[in-house]
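Sequence lines set the chain letters: A, B, ... in the order given, protein chains first and strands last, and positions in each chain run from 1.
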There are 2 protein chains.
Amino acid sequence: MSDDKSEIPPDLPTLADVAERAKVSTATVSRCLNSPDRVVEATRERVLKAVRDLGYSPNFGARALAARRTGTVGAIIPTMENAIFARAMQAFQEELRDNGLTLLVASSAYSPEVEDEQIRALVARGADALLLIGHDRSEALYQFLERRGVPVLAAWVHDTDNPRPSIGFDNRKAMRQLAEKVIAAGHRHLAMISADQHGNDRARERVAGLRAAMAAHGLEAETLPLIETRYSIEHGRQAFAKLMRRAPRPTAVVCGNDVLAVGALQMARDMGLHVPGDVSITGFDDIEIATLVEPPLTTVHVPHRAMGRQAAQLLIEMLRSGAPLAESVELQTDLRLRGTLGPPPV
Amino acid sequence: MSDDKSEIPPDLPTLADVAERAKVSTATVSRCLNSPDRVVEATRERVLKAVRDLGYSPNFGARALAARRTGTVGAIIPTMENAIFARAMQAFQEELRDNGLTLLVASSAYSPEVEDEQIRALVARGADALLLIGHDRSEALYQFLERRGVPVLAAWVHDTDNPRPSIGFDNRKAMRQLAEKVIAAGHRHLAMISADQHGNDRARERVAGLRAAMAAHGLEAETLPLIETRYSIEHGRQAFAKLMRRAPRPTAVVCGNDVLAVGALQMARDMGLHVPGDVSITGFDDIEIATLVEPPLTTVHVPHRAMGRQAAQLLIEMLRSGAPLAESVELQTDLRLRGTLGPPPV
DNA sequence: GACAATAATGTAAGCGCTTACAAAATCCCA
DNA sequence: TGGGATTTTGTAAGCGCTTACATTATTGTC
């Protein structure tokens, strides 16, 4: 509108300018850039020189429009604020980059509605493929993505019951293994702090894993004290305090992830409770803070980097083959038994 | 090439389809979507209904090509692996989103070369504007950006000597304030662990801040034991161990950021040194881990969220006005004096 | 009620690239 | 060395949208 001292639109060189300078057609220039081996060397060099001389770089929109793809992959993660997804995203991005693709990240704040919106936004922005966390989302959304031919890969989960492609691990099994150790340590009064299970299959599976272990050892899984709360240290603190007011007081608090566990640990310290002497605490994820706290956290180690890297590889494969289906990949987790788990107080 | 069971390109509805269904021209549909108030209500409703019925959503490439902008803002941060930039980026993204813009993030791994490459990649992807960390980069790069008319904002710095727009704080002043406290506590043998100063003005300024404080109090700033290392807990550990072998042994180790400080703290513990009894340690940034460690870290608090949010606002303003210049904004940091700083051992 | 001003809509020309197809150049071997 | 096979290059038709400008409808004024 009001163009005060409106800059003159910096008139950038186009393909045609390069073509003219190199005395070839635009098609040849395009080939030089996209499939160099379909052009004879002498021509290619001439063209590339023209590109350099002019400082040419292709117009993204035009390329996307003509090629009907953008070379962009989207990822929607629940949060960027803590380290849970950071490492995997870093690896994911590196691998994409090595393959000439760009990453577009958005976060959903653990809200299915926001996630829905973000997915549509990323697709509208031209994401060629999508990485999502978990499987839990509406059928309508999956249809929308299928209709648009956007391949989707779910990370952080491996669930043989779900046919959609995924890269991840079996959350239930992993939590169950950990829970077995907790029970083996002698605990009978367990409690859990979890993320909201709504729209979060990882959280649900982890709760189920704990319950399964309890049931297998004759503990009443149905009456497990369980608090669902947001993923933050502060919420972990509060949930822990609430659980400690229960009677009988839990001797072990299993947390759905490390962030909650660190909050619990802090609150235990503030309440003057000794860990693991008075109460044991476990986490899930094995992010960096797990080893920073004192005592270090007993948790489930998740291979974040491998998951990120392989996620990229799978997605690239899906993109190449044009087939929306890929085989799901299961990664293994392993237990990290550290200082916060011990026998219950006598 | 080989199209095994190649999906039929899902033929998505276009603007023209919507126009036909709503019995209007494509121009009117476009207006409904981009400047709804330039269309009378009845028409608008008819068009929006057609949009809904058809499940239409605009083609990104076409829109970018025709409108000569993409609605995308790029950010290049040194790393995604730790929390230093996470919170600010989260706020940045939220603010952009509220204004209908999308964020494209890349990381440079603290390498100027990678950063250069990433900047060009983001611009090639059609970033309309860019958020970068610090001012340190080649003149050629700035020229490239200017030529393309891409507004750039530097975050994490405020340096009145540098005319380019920025949002951030005075790293030197902040570190100096902290150093004054360290010296006031009685320390005479200081040491520092910093990030590589090359291509990192924040690191440089922080070192300068410490030196300035030392000089002001008659300490030999030139002989300050200084180790430059990568930003990771492990590197912080190693650097700390090395510094402790110096004679005279430093009584206070000032770290260029919290990640290094936490590594130092861990190593102190492993070496059987009491903090702050035997040695004081300070950080910079005040990220979450600062309060998780024991004792909690004395550090400089940086207003991450405010920086991220305001960065978005400034960039939006630059985009709107078309003017590549904006006034730099200085944010205030403040000291968080916690458990890791005490008097030197007697 | 006529006419100018203003608002709403339509027409159509690109935006800069990719790619199917056509044409030209080069290669290979009898 | 001729002529088909193959490689290299050119021609030109879009890709789906925005927007300047033209046209038509509506409003207000006297």
Next on the checklist: I need the B:Leu101 CG to B:Leu315 CG distance, nearest 0.5 Å.
Outcome noted: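 Separation between the atoms: 9.0 Å.
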
Checklist outcome for this item: Between the CE atom in A:Met307 and the CG atom in A:Leu314, the distance rounded to the nearest 0.5 Å is 12.0 Å

Checklist entry - Taking 4.0 angstrom as the limit, do A:Asp17 and A:Arg21 come out as a salt bridge? => result no

Checklist entry - Crowded around B:Glu20 CD? As in, over 12 foreign heavy atoms under 6.0 Å? => result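 Incorrect, the count does not exceed 12.
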
Next on the checklist: Using a 4.0 Å heavy-atom cut-off, does B:Tyr56 contact any base of the nucleic acid, only the sugar-phosphate backbone, or nothing at all?
Outcome noted: sugar-phosphate

Checklist entry - Excluding sequence neighbours, so at least two apart, what forms salt bridge (charged side-chain N to carboxylate O under 4.0 Å, His left out) with B:Arg97? => result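 Checked B:Arg97 against salt bridge (charged side-chain N to carboxylate O under 4.0 Å, His left out); matches are A:Glu117.
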
Next on the checklist: Side chain of A:Ala62 only, heavy atoms from C-beta on: which candidate in C:dA12, D:dG16, C:dG16 is closest?
Outcome noted: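 So the nucleotide nearest the side chain must be C:dG16.
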
Next on the checklist: From the set D:dC17, C:dG16, D:dG10, return the single nucleotide nearest to any side-chain atom of B:Leu15.
Outcome noted: D:dC17

Roughly how many Å is it from [atom1] in [X] to [atom2] in [N], rounded to a whole number?
X	N	atom1	atom2	answer
A:Leu65	D:dG16	CG	C1'	6 Å
A:Phe60	D:dC15	CZ	C1'	14 Å
A:Arg125	D:dG16	CZ	C1'	16 Å
B:Arg63	D:dC15	CZ	P	19 Å
A:Asn59	C:dG14	CG	P	17 Å

Next on the checklist: Strictly below 4.0 Å: does B:Thr14 bring a side-chain N or O up to OP1 or OP2 of D:dG16?
Outcome noted: no

Checklist entry - Can you check whether B:Arg69 has a side-chain N or O nearer than 4.0 Å to OP1 or OP2 of D:dT18? => result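 Looking at the OP1 and OP2 atoms of D:dT18, neither is under 4.0 Å from any side-chain N or O of B:Arg69.
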
Checklist entry - Among residues 27-47 of chain B, which contact DNA chain D at a heavy-atom distance under 4.0 Å? => result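 Listed by number, they are B:Ala27, B:Ser30, B:Arg31, B:Asn34.
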
Next on the checklist: Could you work out, with side chain to side chain donor-acceptor pair (under 3.5 Å) as the rule, every residue matching A:Glu95, not counting sequence neighbours?
Outcome noted: A:Gln313

Item to check | Closest-nucleotide ordering on DNA chain C, the 5'-leading residue of B:Ser25 and A:Gly61 | outcome: B:Ser25

Checklist entry - Given that B:Ala67 and B:Val24 both sit by DNA chain C, which one's nearest nucleotide is further toward the 5' end? => result B:Val24

Checklist entry - Between the two end axes of the helix from C:dG1-D:dC30 to C:dA30-D:dT1, each built from 5 base pairs, what angle do you get to the nearest 10°? => result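 Overall, the helix from C:dG1-D:dC30 to C:dA30-D:dT1 bends by 20° from one end axis to the other.
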
Checklist entry - Within the distance-only criterion (no hydrogens, no angle test), does the side chain of B:Arg125 pair as donor or acceptor with the backbone N or O of A:Thr70 below 3.5 angstrom? => result yes

Item to check | Partner set under ring pair (Phe, Tyr, Trp, His ring centres under 6.0 Å) for A:His158, not counting sequence neighbours | outcome: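 In terms of ring pair (Phe, Tyr, Trp, His ring centres under 6.0 Å), with neighbours along the sequence ignored, A:His158 is linked to no residue.
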
Next on the checklist: If the condition is ring pair (Phe, Tyr, Trp, His ring centres under 6.0 Å), which residues does A:Tyr110 pass it with, not counting sequence neighbours?
Outcome noted: A:Tyr231

